[in-house]
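In this chain, residues are counted from 1 in sequence order.
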Amino acid sequence: MFVVLMGNRGHKRSETVDELPADKRTCSSLEFRPSSSMSPVETPSTSTNQTHDHDHEMETSSSASGSGRTDEDKDSAYGSCDSEETGDADQRRQRHAILDYQRQRLSADQAKFKRVLSNLSEETEESAQQEALRELCEILSFCTDSSLSSLIADSLSPILIKLASHESNPEIMLLSIRALTYLCDIHPQSSALIIRHDGVTALCKRLLAFEYEDVAEQCLQALEKISREQPLACLQSGAIMAVLTFIDFFSTSLQRVALSTVVNICVKLPSEGSSPFMDAVPVLCKLLQYEDNQLVEHVATCLIKIAERVQESSEMLDELSKHGLIHQVAHLIDLNSHTTLSHSVHTVCICISSFLLAISFSFQSFFEELLCISMQGLIGLLVKLASGSMVAVKTLFDLNISSILKEILSIYDLSHGVPSPRTIDGHYNQMHEVLKLLIQLLPVVSRNQEVPLAAEKEAFLVTHPDLVEKFGNDLLPVLIQVVDSGVDLYICYGCLSVVDKLLYYSNSDMLLDLLKSTNISRFLAGVFTRKDIHVLMLALNISDTILQKNTDVFMGPFVKEGVLFAIDALIDPEKCSQFMFSMFNDIQLSNTSSKKYAGKDVIRCLCFSFDVNKTSSSSESRKCKLELECVRTLAKHIRTKYFDTNSSTSETGMTPILEKLKSLSSELSSMMTQEGYDHVLHQIMSILNGRDVISTFEFVESGITDSLVSYLSNGDCSRVEAFGRLFLSCTNQPLDYFSLSGFISKLQSALSSVEDFPVVLNNSFKHRNSYATVPRRHSTTYPCLRVLFVKEEGESTLTEYTGDVQTVDPFSDFEAIETFLWPKVCLNNAQSPSDKSQHDVGQSQTSPQKPTEDASSSQKLSFYLEGKEIDRGLTIYQAVLSQHISEFDTVNGLLWNQLHKITFKKSLTLEKSSSPSEIGSSVEKSTPCHNLLFLLRILESVNECRFHLMTRERIEAFSEGKIGNLDDVKATNEGILVNEFVNTRLTEKLEQQMRDPLAICTGGMPSWCTQLMTSCPFLFSFEARWKYFKLVALGKHQGQNGQNDSPMPRKKFLVYRNQILESASKMMDLHANQKVVLEVKYDEEVGTGLGPTLEFFTLVSNEFQKPGMGMWRGDNSGIGIVNSVPFGLFPSPLRNSITDVNKKFVLLGQVVAKALHDGRVLDIPFSKAFYKLILGKELTVYDIQSFDAGLGKTLIEFQALVERKKNLEKFGKNSEFEFRGSKIQDLHLDFTLPGYPDYILASGPDKEMVFPIKNLKIFTDEELERLLCGESETWNSNQLSDLIKFDHGYTASSPPIIHFLEVIQEFDYEQQKAFVKFVTGAPRLPIGGLASLNPKLTIVRKLCDKVVDADLPSVMTCANYLKLPPYSSKEMMKEKLLYAITEGQGSFHLS
């Protein structure tokens, strides 16, 4: 017997005896002949190398074919008509020659096979048989399927099988089994012949005997080939145990082959009959401990398939649950485990998905399947075990599975989830699998009769309250967080199901402990706005459970947060329709939602969405099990049992605070004077800022926001100004009484509760290339919508559209659709469908376009979907999406598969231009959401204009004599931080939406994204708006890993250091309007890439600031220095005739836009007022101080004097005025532009050469400066050590590194700028500071040929790579660094 010692698992084992001769060892996976079919088993090195080599070959051949063709080749390829007959004749001759060769080859192969067969007869000597087998292997390794007939295969099979069972000659065994392997590879039908002659049995016996390792390895290769075609026969012959018995003795690559055989068998397990595969479970469980991920994935697949096969048998599931299976699976899915499968696989999947997404959406399914087999498959295995095995249930509780699932739920990113429970390889997505497992572990007999072993599980939970408490502490907070994040309906239903069960099994004290840190009342009030009857039933169950166990504790909060109001709305919706909290008024108790889903992509009723049994998808079980009357009955029960019997509950369900606020709201609506308005508002604010907590429901339901909106929107700007002054620190009102920050917090909390903007993740369709016929014929890399255009009934001025169903580019705007449709339906210009190809209008051939903003003033058609007029500002995808969500409350494949009927009629009126104050069509007017957004816009404007408002108020106070000194007119410019206006919930939703595969332009996102970004950009964080800007203006899609999924092409440009502006002008003339990233190379210098490019933009910035440019105020035409303006640059007044300066500003605009486009940093300090001009904001006298403090202060004081004079004249008084001791007449004011008496301000037309400047309006002036000029941050040692990489001789604790960190912290601001410019090429860091520097700043040890202290640091700016010598002291390092960063600028050469 050949003896082998076991080595480390997952690695090649070492032998203790002499190995067989080389010629008796089996061919390895690399030596094995190329397979004609796809093999699922490859070694990592092999697969990686093959992939890279293949990619390299593709590039080489592509480039060769593209560039290797000469003009003569092209001419010959497109020959003249005279040579066509000659070419056809040559092709026919070539085909005949190939056929002749194939016939000759076939005949020769047949003769060889016959000769080999004769030499393999029993009478032949062993040496001759060996030689014949070698010849046969050689023939088979080169022949094709066409050369091998079934007759020959049938003749060879029994002979080879017999020789494989040879008693003494290992060479004959090896060669015969190798020949069988080749035979199955080139002629898969041979597997059936081998089965007929008991070939699998012979191979299994030989494998189990394990006399010779190379023979055993060749048996593994043969069985893997046979199992592809004949898995059932392999199962019955015992192939599973044969390949697994001695698996530890094989190398990793052969172990994969063995597991591939088991996978091939397990995926085709018979539904009935014996179960010999159960004997393999202990071995498979042990293999889960191996280190090789691919091996573990194969094992997981086998166990999943076995569990599916035996899931109807509790005994077999119990057997599966033994042998440490559950322990191993729990260890693999544990995110805190160092050997978890999820870390490596998830990282690989993200990288693969990002790469594939950049190529084509059609590869997304590959990523989904790979991720499914790693985490979803393992969790799904636990689901199957827990569904029918009490052994598994008890084991999972003992393993503290709740802590593992908590970590999975905590990091659950909605952008990776699938919004509908679409199956992937037989399993739901990862989130669904986790919820299914929890539902199986926590069944309630009275509600979950369909759950297997429900009674046994419930009895176990009742007797183990400590386990339930642990589950609740781990899972309840994260489940509530997931629901609050705005997940889709199915995940919401699953989370609520688990919450319901956890509270059901908790006693009174335990329930109080679980809910002590959670506002469960507010949470339930939000759940009641979901409107689906399944979700509503769960919310009622949870409410009933809580009140049943702790009535006195939760009675008040339920009333205060609006839970009682929601229950009343379920009982009698008409009774509640008069109230403000309209979300509850729209609850429709209808079960039609479960009947809407039909067709190929079926979205099952929520009743069955987390069932384990596959039969739940049958047509019979699709009928909803929830009766409508049950919901209303339970609501009445809760109302009657807990609230009607409580004397403290009012009939209206309102708290005293709510009644008081509603009364004040009514007074506020009836006020006609500003004084009365202020008085009532003071009372309201005193309540809102009082000791009693005001819930979101009370705040919205009181009607305060509605009254404020009504008052502010039905008057002039003076009302808004007066309202804003109440919140600012002014002369008659302290800031802490009317807290702007506190009121904004109330509004933000209310907005997060009432908004229901959908997050649409388009993973439910299969990504594919499509062809759009509308608005123009072109190919797309995303699916198209099927649309039928129909004339509106009763429309007589248009003709019917006679075309068939059209495939419409989903990002088409209705201007383009109208252009396509109008010539075909206009009575004076109607055309047949065959002519429609002549009207190609609309979009670019290479990428989808955003909706057209410049709408035509002569709108011809109006469009309708389901009877509702479509907002022409939307794309057709956004219009269809809005209607689809309103119908199904989720997004599924029906959006792309069903036919959408759009009706049209002639427009009778001109298109209405949207008002700047409009929030957008995605938010209906007079709703709580609209009112909250309106007030937040008002307050944001108040905060932005706080200096203006406070200054004007002080001017008024001076005019009325309340202030006697002009020095007191100056106001402070302190306000609240802009981050307080950021709504975290909406920001998270936008971030999720922008990671959607269809978010390749704003037209691929729900309309609320664009409309809120336009009307209320302050709601979103700066980082989210920056990503949105790159998406809409630059067309850069943000991928899952935070990088751009579709990198833009790069173009190099040669520049001259002595002609920086001229080079910049030439560069912009050629490339400003191109979607390319520019890289700079300096003339006669070696360096190129990121560093030189950043320095070029810095040099251009400096050129624009040099004296004599005539562009800026304060330009005294000095020589040799750059303007130093303390408040930043502001344009000098220009004459219309100064075309040279105008051209400079055009060039500056192009450079700024290109810097934003390419992600470059500029070093040009614009003033705040100039940024406001860029953003299209109007400047007033109060803005002058931002670029000329003296002039601005003087003008404001003059304004105060003018207002005092007007006030005195109003009362018939007259007085001489003095300005700081001088009479006004003595000032000799000429009322011309100060410093420029002969100049006037002029403006020219905007030129959109890179992207529309309106796209920048989502930023503030301070944020725009960050975008253009980067970050200016102060460093500390901890930050630097974390954000800098030390390599090649240095570590964070190296003495030179410690000195270096101390030195750069001692640098002043200008020295830090010089250091950053020395290392990166730009004086300031990109957005995000040092943390966002890409590549990361790296410091390495510089090897010096001479004395270390005599050498200087050098850099590779393209890689942010600093080569630092190990200087002898800190002082020497500082001296050399300062010398390098000050004198080492201005050229790029080899260091």
Side-chain angles (χ1 to χ4, degrees), residues 55-56 58-60 62-63 66-67 351 354-360 781 844-847 1000-1001 1026-1027 1029-1039 1041-1057 1060 1063-1101 1147 1150-1162 1249-1251 1267-1268 1270 1317 1319-1322 1325-1328 1332-1336 1338 1355-1361 1387-1390:
D55 293 342
H56 179 71
M58 289 177 62
E59 292 181 4
T60 304
S62 175
S63 60
S67 61
C351 297
S354 302
F355 168 71
L356 294 178
L357 189 60
I359 302 175
S360 172
T781 57
S844 169
Q845 296 183 11
T846 57
S847 62
I1000 50 180
C1001 76
W1026 171 231
K1027 293 177 185 177
F1029 169 76
K1030 291 191 290 185
L1031 188 67
V1032 62
L1034 310 181
K1036 297 180 180 179
H1037 181 267
Q1038 193 74 9
N1041 59 348
Q1043 303 297 325
N1044 292 330
D1045 282 334
S1046 49
M1048 292 187 178
R1050 297 177 178 269
K1051 187 177 291 291
K1052 291 186 178 181
F1053 192 85
L1054 183 67
V1055 301
Y1056 300 88
R1057 285 190 178 273
I1060 291 295
S1063 298
S1065 178
K1066 184 67 174 176
M1067 175 190 290
M1068 295 303 132
D1069 289 343
L1070 294 175
H1071 306 299
N1073 59 351
Q1074 294 181 359
K1075 295 295 184 180
V1076 295
V1077 176
L1078 298 177
E1079 291 185 348
V1080 163
K1081 182 184 185 305
Y1082 292 101
D1083 184 44
E1084 297 183 355
E1085 295 183 21
V1086 178
T1088 183
L1090 179 61
T1093 305
L1094 290 176
E1095 191 208 33
F1096 171 74
F1097 278 95
T1098 301
L1099 295 177
V1100 173
S1101 301
L1147 177 60
Q1150 292 175 323
V1151 171
V1152 168
K1154 199 61 182 173
L1156 285 172
H1157 180 274
D1158 293 0
R1160 310 307 186 199
V1161 176
L1162 297 177
M1249 303 187 70
V1250 181
F1251 56 83
L1267 295 183
L1268 293 180
K1317 184 179 179 182
V1319 175
T1320 68
L1325 294 168
I1327 296 174
S1332 64
L1333 197 62
N1334 187 24
K1336 191 175 184 178
T1338 303
V1355 294
M1356 295 170 56
T1357 54
C1358 295
N1360 300 324
Y1361 202 80
S1387 64
F1388 289 89
H1389 296 285
L1390 296 176

Step-by-step side chain to side chain contact (heavy atoms under 4.5 Å, CB included) determination, Thr1338 to Met1356 = CA-CA 10 Å; Thr1338 303; Met1356 295 170 56; over 6 Å; no
Any donor-acceptor pair under 3.5 Å from [X] side chain to [Y] backbone:
X	Y	result
Tyr1082	Arg1057	no
Thr1098	Ala1322	no
Lys1027	Leu1031	no

Locate the shortest heavy-atom distance separating Ala1072 from Gln1150; write the atom from each residue and the value.
->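 Nearest heavy atoms, Ala1072 then Gln1150: CB-NE2, 4.2 Å.
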Could you tell me which non-hydrogen atom of Leu1162 sits nearest to which non-hydrogen atom of Val1152, and how far apart they are?
->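 It is CD1-CG2, 3.8 Å.
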Just how far is it from atom [atom1] of [X] to atom [atom2] of [Y], taken to the nearest 0.5 Å?
X	Y	atom1	atom2	value
Arg1050	Leu1078	CZ	CG	10.0 Å
Met1067	Ile1060	CE	CD1	9.0 Å
Thr1320	Glu1095	OG1	CD	10.0 Å
Met1068	Gln1074	CE	CD	11.0 Å
Asn1360	Lys1336	CG	NZ	12.0 Å
Lys1317	Leu1094	NZ	CG	11.0 Å

Would you sort out whether Phe1097 and Val1161 count as a side chain to side chain contact (heavy atoms under 4.5 Å, CB included), showing the intermediate values?
-> CA-CA 7 Å; Phe1097 278 95; Val1161 176; over 6 Å; no
Dump the intermediate steps for side chain to side chain contact (heavy atoms under 4.5 Å, CB included) on Phe1096 and Arg1160, then the final yes or no.
-> CA-CA 10 Å; Phe1096 171 74; Arg1160 310 307 186 199; over 6 Å; no
Within a reach of under 6.0 Å around NZ of Lys1066, are more than 12 heavy atoms found that belong to other residues, nucleotides or ligands?
->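 No, NZ of Lys1066 has 12 or fewer neighbouring heavy atoms, counting only those of other groups under 6.0 Å.
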Going through the checks in order, is the side chain to side chain contact (heavy atoms under 4.5 Å, CB included) test met by Val1100 and Leu1147?
-> CA-CA 10 Å; Val1100 173; Leu1147 177 60; over 6 Å; no
